[in-house]
Amino acid sequence: MNGLQLSLSSSWFWGPVALVAVLCGVGAVLFFRFVPVTRADVPAVTTRFAAGDTELAGGFYAVRPLEAVDLSALERQIAQTARSRRVSGSLDDLPLVFVHRSLVWGFPDVTQVWVEGDFVHIYSHLVYGGSDLGVNRDRMVGWFEALGI
């Protein structure tokens, strides 16, 4: 048979496909790593939960009695978390809002801390996707353990 023979085993086919896949992966890494997350990007919390822990799709919500939480120590603990930065707030200007990024992809998660009445509310959730794979819960439990809450 004369002429060009098409074959999916040809390197001329898989080479460009591999290159496109690599470029898409690099683009995704760069997007998630460097996309800015500002206070305006953080959704308002419209649902409040009772004291205790609540697992949510893509996040974790904890409510603790105010007398059981040293807000200053909690703020320091969150700020010292690897790959975290404060977006807004202070102890005098709640809510505290922090962005945490995953090690490899840089996916952003947001943690908000505020006081209502006699309770501290802490809500940590993903920004992109549908599942955080329990990362926000694990991070928050680590803070609580470190602070003896």
- Task: Verify side chain to side chain contact (heavy atoms under 4.5 Å, CB included) between L94 and Q112, making sure each step is shown before the conclusion.
- Result: CA-CA 9 Å; L94 295 174; Q112 302 177 65; over 6 Å; no
- Note on the structure: CG (L56) and CZ (F49) are apart, to the nearest 0.5 Å, by 4.5 Å
- Query: Do L91 and I122 sit in the same hydrophobic cluster, where Ile, Leu, Val, Met, Phe, Trp and Tyr count as joined when their side-chain heavy atoms come under 4.5 Å apart?
  - Reply: yes
- Atom pair CG (L74) and CD1 (I149), whose distance is rounded to the nearest 0.5 Å: 5.5 Å
- Query: Would you call V87 and V110 a side-chain contact if the rule is heavy atoms closer than 4.5 Å?
  - Reply: no
- Answer yes or no: is there a donor N or O on one side and an acceptor on the other, between the side chain of R83 and the main chain of R101, under 3.5 Å? yes
- Reported CZ-to-CD1 distance for the pair R85 and I78, which is rounded to 0.5 angstrom: 14.5 Å
- Note on the structure: The side chain to side chain contact (heavy atoms under 4.5 Å, CB included) partners of T81 (sequence neighbours excluded) come to S84, H100, R139, W143
- Query: Can you check side chain to side chain contact (heavy atoms under 4.5 Å, CB included) on D53 and R137, steps first, answer last?
  - Reply: CA-CA 9 Å; D53 298 335; R137 178 194 176 286; over 6 Å; no
- Item | E116 side chain near L66 side chain, heavy-atom distance below 4.5 Å | no
- Same cluster (ILVMFWY, side-chain, under 4.5 Å), L126 and F98: no
- Query: H121 and Y123: aromatic ring centres closer than 6.0 Å?
  - Reply: no
- Query: Between Y61 and W114, what is the ring plane arrangement, given parallel below 30°, perpendicular above 60°, and tilted in between?
  - Reply: perpendicular
- Item | Distance (rounded to the nearest 0.5 Å) between R86 CZ and L96 CG | 6.0 Å
- Task: Answer yes or no: are there more than 12 heavy-atom neighbours, outside D93 itself, under 6.0 Å from its atom CG?
- Result: yes
- Task: Consider only side-chain heavy atoms of I, L, V, M, F, W and Y, link residues closer than 4.5 Å, and tell whether L133 and V141 are in one cluster.
- Result: no
- Note on the structure: To the nearest 0.5 Å, atom CD of E75 lies from atom CD of Q80 at 10.5 Å
- Does a side-chain heavy-atom distance below 4.5 Å link D70 with L147? no
- Step by step, work out the side chain to side chain contact (heavy atoms under 4.5 Å, CB included) result for V69 and L71. CA-CA 6 Å; V69 179; L71 280 176; 4.2 Å; yes
- All heavy atoms of M140 vs all of S124, minimum pair found to be CE-CB, 3.6 Å
- Query: Quick one: do V104 and V127 end up in the same hydrophobic cluster if we chain Ile, Leu, Val, Met, Phe, Trp and Tyr together by side-chain heavy atoms under 4.5 Å apart?
  - Reply: yes
- Task: Rounded to the nearest 0.5 Å, what's the gap from CG on D132 to OG on S102? Could you check?
- Result: 11.0 Å
- Item | E55 vs F60 side-chain heavy atoms within contact, under 4.5 Å | yes
